[in-house]
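Every chain is numbered from 1, with letters handed out A, B, ... down the list of sequences.
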Number of protein chains: 2
Amino acid sequence: MANIREIAKAAGVSVATVSRVLNSHPYVSAEKRRRVEEAMRRAGYSPNSNAVHLSTGRTGMVGVILPFSHHPYFHALLGGLMEEALKHQYTALLCQTNYEAGEERRYLQMLRTKQVDGLILCSHELPWAEIAAYAADGLLVACEPVRQEGISCVYTHHYEAFLTGMRYLIRRGHRNIGFCIGRRDSESSRQRYAAYADALQEIGRPVQPEWIFEGCTDLRDGMRVMDRIAAMESRPSALLVTGDEAAAGVLARSRQLGIAIPGELAVVGFDNQPISEALQLTTIDQHLQEIGRQAFGAFYHGIVQPGAAPRRMEVPFALVERTSV
Amino acid sequence: MANIREIAKAAGVSVATVSRVLNSHPYVSAEKRRRVEEAMRRAGYSPNSNAVHLSTGRTGMVGVILPFSHHPYFHALLGGLMEEALKHQYTALLCQTNYEAGEERRYLQMLRTKQVDGLILCSHELPWAEIAAYAADGLLVACEPVRQEGISCVYTHHYEAFLTGMRYLIRRGHRNIGFCIGRRDSESSRQRYAAYADALQEIGRPVQPEWIFEGCTDLRDGMRVMDRIAAMESRPSALLVTGDEAAAGVLARSRQLGIAIPGELAVVGFDNQPISEALQLTTIDQHLQEIGRQAFGAFYHGIVQPGAAPRRMEVPFALVERTSV
DNA sequence: TTGAAAGCGCTAACAA
DNA sequence: TTGTTAGCGCTTTCAA
C-alpha cells in the first residue's frame, strides 16, 4: 500500500531518514525517529520485501532441504538450526522434497533466482557434483561429510560412532549382534555398515545377513523387526539400531511379546531422541541440535565473510548409557 | 550474476526484447528470439525474482497455512491444491504453524510484505477477525465455512455429513453409537458434535459421555480408543470416527483383541483416505482433493479478477459403503 | 516488430 | 544529523 515516499512526506523527512529508522541506523534524531514511527503506525506500513531484497542483494532467508520434517531426527536438527537462525535474524524456509530429485532441483533454482541466500541440505537426492554447480549462486551447507568444491559440511563421524556402539556391546559380552539401518544408499549408511562389519571381524564373527534389517526409520519398522527376530530359531542377543524411533518400536513390541530387554535382547539406539529417555534406552547421541546450529553457523560465516573457504566440521558424539543393555 | 542488460548486449537487442522472450510474448522475430535464447544459455542466466516481483507487483506464490503436512488429511488437501496451482503456474509455499499463533502471524505478515499473493488457510489459530485484517494485502481463502468480510471459503457441510453417517448406522439397526472426534475447539467439530447429538435424539437416545472420545487424529489414538472400549462393561455397537487414520487404528487394535468388525463393532470413518480402502472401511468422503482444488480456484479467481467478491463454496460429500458396517 | 525510458520500492554513497 | 540521487534488475507503456 503505502511506500517509503509517502511515509517520508507524512513525517516531513526524506526517504533516507525513513530508511534509516527502518534499519535502526544511528544518526537519526529522537524527534524525527518518533515522527517517522508514528507515520508508519498510522499508515499500517510494512516495507516491500521484494524491493528490500533487490536493493540489498540479500534476502535474510536460508532454505533448509529435507525429505519431510515430522521425523524426530529432522525435528532435532531443525530445532538447533532455527534457534541459531533466529539469533542472526534469518528466516529458515522449509523445503520438503519427499525424496524427489525434481523438487530438490526446484529449490536449488531458488538460489539462482535470489529467493534465498543459501541452502542447508539435511538430505539430498541429486549427486553432490550437480548440487555444487549452484555454489556460484549462494551458500551451500551439507549435514553430512562431503568433499566437493564449494560445499561446507557439518557431520558426525558415523564410522566411529557405530564402532563405539559395537565395541560397547562386545565389552558387555555380546557376540551375536544384529543391525538395523535406515535407507541403504547414503554415504553415512555405508560408513555405519562398515563399522558393523569391522567390529564383528575384530571378534572373529561373520556378518549374518538375516540379522541385518534395512528400511528401519520409524516405530512401526522397529516393531516389524522385533516380530521377525521373535520368529527366528537363532536370534541375536543384541541389536544396534540406527534411530531411536525404530529402537523404540523394537522395545514396544518386545514387551508385547514378553521378550526381556536387556535380558534376552540388548538394544542400542541412535540420536538420543526424547523417546529414548522415556524408554530408558541406551543410545548414541550425535548431538543433532548442535549439528543444526553449526550448519547454520557455517552458512552465516559465509554471509559475513564473503569469499571465505567452505568449512568442514565434525561434531563429536557420545554414548548415553541407560538400561537397555 | 548476469542481468538482462548483459544478455541484451550479448544478443545485440534491447532489454525490452529480452524481457519479451523471457515472458514468451508474441511479436519477437524468430531470429532475435533465437539469439536471445542462445545468449541466456551461454550465460547460464536466470531472472532475479525479486526484480520480477517488484516490477510486476505479483509473486506467483501462494502460501498454504497448515499445522503440519504429514497427516493424510492435509496430504490429500495439498495434493488437489498443488495440482491446481501447477496448472496456473503458481507455486505453493508450505507454511507450517505447529498450531502456534505466533507462527501464523508471521505468515500473515508475508502477505503485507508482498512475499506471496495470497494465503490459503487449511487450519487457523488466530480468530478470523484478526486474519481478515490482512485482506487488504492479498487474497485469503479458508478451507472451512467462515463468515467474515474479505475471506473466501471452500468447505464441507459437516453437520449434514455426520447426520448422514449417523442415520446410516441407525438404519442398520444401531442404537448404541460412539463418537470419535479430533480437536474439540473448531467450528467443524461443533457441527459434527451437533449432528451426533441430534441423530441420537431422533431415536430417543441420550448422549453417553463415556462413548465420546476426543483428540483422535492418528492411528495410535484409534488404538487407544479400542482399548478403552474393550475395557467397558457396556460397549457401543457402532462408532463414528472423524478420520480414517484413527478409524484404522480402531480396526487394527480390534483385530489384535479378537473383536469382530462389524459383528461386535461397526465403524464408519471419515475422509476416504487410501488406508480406508485397504482396510475395507466404510467412510464418508468429503472430497478433500476437490476442496484443495477449489480453494486454489477461489484464490486464483481473485487474482484474475481483482476486486471480485469473496467466494463461498460448499463441496458435496458422499458415503462410501464398504464392509466395516 | 523493436527500442527508449519511466517506473516498481528500497538502500547507500556522497554531499552538505 | 540529514537529504539528494543513483542504482538494484526487471516490466511495460509509448512512439517509431
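With respect to B:R34, the salt bridge (Lys or Arg N to Asp or Glu O under 4.0 Å) criterion is satisfied by exactly one of B:E38, B:E31, B:E37: B:E31.
The side chain of B:K32 contributes an N or O atom lying less than 4.0 Å from OP1 or OP2 of C:dG3. One finds no side-chain N or O of A:Y27 lying less than 4.0 angstrom from the OP1 or OP2 phosphate oxygen of C:dA12. Put simply, B:S14 has no side-chain N or O that comes within less than 4.0 Å of OP1 or OP2 on C:dA4.
In this structure, B:N50 places its CG atom 11 Å from P of D:dG9, rounding to the nearest Å. If you measure from atom CZ of A:R5 to atom C1' of C:dA6, you get 12 Å, rounded to the nearest angstrom. For the pair A:R33 CZ and D:dG3 P, the computed distance is 14 Å after rounding to whole Å. For the pair A:N3 CG and C:dT11 P, the computed distance is 12 Å after rounding to whole Å. In this structure, the NE2 atom of B:H53 is 15 Å from the C1' atom of D:dC8, given to the nearest Å. One atom, CZ of A:R35, and another, P of D:dT1, lie 15 Å apart when rounded to the nearest Å. Separating the CD atom of B:Q115 from the P atom of C:dC8 is a distance of 20 Å, rounded to the nearest angstrom. Nucleotide C:dC10 holds its C1' atom 14 Å from the CG atom of B:N48, rounded to whole Å.
Annotation: cation-pi pair A:R20/A:Y27 absent, no NZ/CZ under 6.0 Å from the ring centroid and within 45° of its normal.
When atom types are taken as modelled, the side chain of B:H53 and the backbone of B:G60 share no donor-acceptor pair closer than 3.5 angstrom.
Ranking C:dC8, C:dG3, D:dT1 by closeness to the B:L54 side chain, first place goes to C:dC8.
Classification of the A:Y99-A:F68 ring pair by plane angle, with boundaries at 30° and 60°, yields perpendicular.
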Are any protein N/O atoms closer than 3.5 Å to N/O atoms in nucleotides 11-14 of chain D? If there are, list each pair with its distance.
residue, atom, partner, partner atom, Å
D:dT11, OP1, B:N23, OD1, 3.4
D:dT11, OP1, B:N23, ND2, 3.2
D:dT11, OP2, B:S19, OG, 2.7
D:dT11, O4', B:S55, OG, 2.7

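Legend: salt bridge (Lys or Arg N to Asp or Glu O under 4.0 Å) pairs involving residues 286-314 of chain A, not counting sequence neighbours, sorted by first then second residue: A:E83-A:R293, A:E290-A:R293.
Salt bridge B:R105/B:E130: present, at least one basic N to carboxylate O contact under 4.0 Å.
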Inset, instruction - Let me see the working for A:T97 and A:E125 under side chain to side chain donor-acceptor pair (under 3.5 Å), right down to the final yes or no. - result: CA-CA 9 Å; A:T97 63; A:E125 298 304 304; 5.0 Å; no
